[in-house]
Asker: 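Quick one: this structure, given as structure tokens, is what I'll be asking you about.
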Amino acid sequence: MTRVHVCGASGYAGIEMIALLHAHPHFELGALESASHTGDPLGAHAVRLRGVERTFDAPGAALEWVRPGDAVVLAGGHGIAKAIAPEFLARGAKVVDLSGDFRLHPTPAVYGFPERYRAQIAEAQFVANPGCYPTATLLATLPLAPFKPQAIIVDAKSGVTGAGRTPRVDTLYAEVSGEIRVYGLNGHRHEPEIVQEWRAAGIDAALTFTPHVVPLERGMLVNAYAMLPAEPDAASVFAAYERAYSANAHVRLVRGGASPSPVAMRGTNGAEIHVSVHGNVVRSICAIDNLGRGAATAALVNLNLMHGYPEELGVSDRALV
């Protein structure tokens, strides 16, 4: 068994991570750090963890306990990983960082997007998990690289858990219920990450990115509109997505009049994608779970790859009810 420590364990992604690790046949829980809930039973702050008889550990516990061969998931806020990731790596642990601290080049971490970097992840000591918005956007658009899109408009909607668990007025129920809130109009922190990966894949398109918070607990829906130089053959576009994802256990291409559903993806590492062609515009719609494929299940897949296990191991393909 490989011991996995979780820093930032009482946040939404951390709680999701604990549940996945607790059920995994080859991983066991190590230190579960929480600055806000040190000493409290897990179930006092996460109902789904009532069956895990552990308390949250104090900050610093993971560094104290870590041994060579352990793994660490950094699920805390942005800026924290920069300070502590090097220490864990120096002590012989494998690290998966869920923050944005190490996603942009130059970085010592492998970008944790298996659809492009599966082989590199399998050899990595340090992986930077993609953000939820980039994950859904890249899944929706990367197969279009051969068609040389000139511009791509991304209209993205996220459940409120994407804002994290720290209480804020703008994430209170009374503030988000019945509302659709546009934000990041002057630039969003995930835009450079998307463009970086587009350029690496050969997509030179300009990006117009508009994120929204919608009154959902969890889930993400991205509508991407790619403007091509000329009207493509629709069959060749569909074939490009088939080539990209036909062997991918986590991605489902949705046909006909059905639409991708964030609810169907809840708690899974799955993604549903619908593609259609309208003149020289390709519309690609992608649904994921922002806490699953956008955070914890993606981290588990990367841990599996880093330890030589099947990437689907311990990852449910059934939506939470």
Side-chain angles (χ1 to χ4, degrees), residues 11-13 16 77-79 98-101 103-104 113 129-142 144 149-199 203-228 254 259-266 270-276 278 281-296 298:
Y12 288 127
E16 201 82 6
H78 304 292
L98 272 62
S99 79
D101 289 3
R103 293 174 186 156
L104 297 179
F113 190 74
N129 245 42
C132 49
Y133 281 119
T135 293
T137 300
L138 295 174
L139 287 169
T141 57
L142 286 183
L144 293 173
Q150 297 173 318
I152 303 177
I153 297 171
V154 176
D155 179 26
K157 298 174 177 66
S158 173
V160 73
T161 50
R165 203 178 189 194
T166 301
R168 289 172 16 195
V169 170
D170 62 350
T171 59
L172 294 174
Y173 175 80
E175 302 294 326
V176 299
S177 179
E179 174 71 294
I180 298 176
R181 183 178 299 135
V182 183
Y183 69 106
L185 293 178
N186 295 319
H188 190 274
R189 62 185 175 83
H190 283 311
E191 290 184 44
E193 188 180 338
I194 294 168
V195 172
Q196 168 183 277
E197 294 306 310
W198 277 357
R199 300 297 183 261
I203 295 176
D204 293 324
L207 169 63
T208 302
F209 180 72
T210 309
H212 307 70
V213 175
V214 295
L216 295 174
E217 172 199 348
R218 57 196 292 168
M220 175 162 289
L221 190 73
V222 159
N223 293 268
Y225 304 90
M227 274 61 77
L228 308 188
V254 179
S259 61
S261 168
V263 173
M265 300 295 97
R266 282 171 53 96
E272 288 188 334
I273 299 175
H274 184 280
V275 182
S276 56
H278 309 268
V281 178
V282 176
R283 179 182 64 197
S284 179
I285 306 169
C286 180
I288 65 169
D289 180 359
N290 62 298
L291 295 182
R293 180 63 205 255

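Small disclaimer: the values here were computed from a predicted structure and weren't measured.
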Asker: State whether the side chain of His274 and the backbone N or O of Pro260 hold a donor-acceptor pair below 3.5 Å, judged by distance alone.
Answerer: no

Asker: Kindly say whether Glu217 contributes a backbone atom to a donor-acceptor pair with the side chain of Thr161 at under 3.5 angstrom?
Answerer: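 Yes, the answer is positive, given that a donor and an acceptor are paired below the 3.5 Å cut-off.
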
Asker: Quick one: side-chain hydrogen bond (donor to acceptor under 3.5 Å, both in side chains) partners of Arg218, sequence neighbours excluded?
Answerer: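 So Arg218 forms a side-chain hydrogen bond (donor to acceptor under 3.5 Å, both in side chains) with Glu16, Asp289.
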
Asker: Please find the pair of heavy atoms, one from Ala226 and one from Pro149, that lie closest to each other, and give the distance.
Answerer: CB-CB, 4.2 Å

Asker: With sequence neighbours excluded, what pairs up with Ser261 under the side-chain hydrogen bond (donor to acceptor under 3.5 Å, both in side chains) test?
Answerer: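 Counting only residues at least two positions away or on another chain, Ser261 forms no side-chain hydrogen bond (donor to acceptor under 3.5 Å, both in side chains).
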
Asker: Which residue pairs satisfy the salt bridge (charged side-chain N to carboxylate O under 4.0 Å, His left out) criterion with at least one member in residues 176-193, sequence neighbours excluded?
Answerer: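 Non-adjacent pairs meeting salt bridge (charged side-chain N to carboxylate O under 4.0 Å, His left out): Arg103-Glu193.
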
Asker: So which atom in Gly270 and which in Arg293 form the shortest heavy-atom distance, rounded to 0.1 Å?
Answerer: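 Nearest pair, atom of Gly270 first, then Arg293: O-CB, 3.9 Å.
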
Asker: Measure the shortest side-chain to side-chain distance between Thr210 and Val182 over non-hydrogen atoms and say whether it is less than 4.5 angstrom.
Answerer: yes

Asker: Please find the pair of heavy atoms, one from Ala140 and one from Cys286, that lie closest to each other, and give the distance.
Answerer: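 Answer, listing the atom of Ala140 first, then Cys286: CB-CB, 3.9 Å.
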
Asker: Check side-chain hydrogen bond (donor to acceptor under 3.5 Å, both in side chains) between Arg199 and all other residues, then give those that pass, not counting sequence neighbours.
Answerer: none

Asker: Do Asn290 side-chain atoms and Ser158 backbone N/O form a donor-acceptor pair below 3.5 Å?
Answerer: no

Asker: What's the spacing between Ile194 CD1 and Ile203 CD1 if we round to 0.5 Å?
Answerer: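 Result: 11.0 Å between the selected atoms.
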
Asker: Can you check whether Glu272 reaches Met265 side chain to side chain, under 4.5 Å on heavy atoms?
Answerer: yes

Asker: Restricting to ring-ring contact (aromatic ring centres under 6.0 Å, His included), what partner residues turn up for His188, sequence neighbours left out?
Answerer: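 With sequence neighbours excluded, His188 shows a ring-ring contact (aromatic ring centres under 6.0 Å, His included) to Tyr133, Tyr183, His190, Phe209, given in chain and number order.
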
Asker: Tell me the closest heavy-atom pair linking Leu139 and Ala271, and the distance in Å.
Answerer: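 Closest pair (atom of Leu139, atom of Ala271, distance): CD1-CB, 3.7 Å.
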
Asker: Hey, mind stepping through Arg283 and Ser276 against side chain to side chain donor-acceptor pair (under 3.5 Å) and telling me if it holds?
Answerer: CA-CA 5 Å; Arg283 179 182 64 197; Ser276 56; 3.2 Å; yes

Asker: If we only count heavy atoms from C-beta on, is the Ile152 to Thr208 side-chain gap below 4.5 Å?
Answerer: no

Asker: What are the two closest non-hydrogen atoms of Gly219 and Pro262, and how far apart are they?
Answerer: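 Closest pair (atom of Gly219, atom of Pro262, distance): CA-CB, 4.0 Å.
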
Asker: Give, for atom OG of Ser259 and atom CG of Leu221, the distance between the pair rounded to the nearest 0.5 Å.
Answerer: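 These two atoms lie 8.0 Å from each other.
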
Asker: Going by the rule side-chain hydrogen bond (donor to acceptor under 3.5 Å, both in side chains), which residues pair with Asp204 if we only count those two or more places apart in sequence or in a different chain?
Answerer: none

Asker: I'd like to check Leu228 versus Val281 (side-chain heavy atoms, cut-off strictly below 4.5 Å). Are they in contact?
Answerer: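 Result no, sub-4.5 Å side-chain heavy-atom pair not found.
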
Asker: Hey, does His212 have a side-chain heavy atom less than 4.5 Å from the side chain of Asp155?
Answerer: yes

Asker: Show, in sequence, the C-alpha distance, side-chain angles and deciding distance for Arg266 and Leu291, and conclude whether the side-chain contact (heavy atoms from CB on, under 4.5 Å) test is met.
Answerer: CA-CA 8 Å; Arg266 282 171 53 96; Leu291 295 182; over 6 Å; no

Asker: Do Val160 and Leu216 touch side chain to side chain, with heavy atoms closer than 4.5 Å?
Answerer: no

Asker: Of Leu142, Val222, Thr141, Ile273, which is the lone residue that meets side chain to side chain contact (heavy atoms under 4.5 Å, CB included) with Ser284?
Answerer: Ile273

Asker: Side-chain contact, heavy-atom cut-off 4.5 Å: Val282 with Tyr225?
Answerer: no

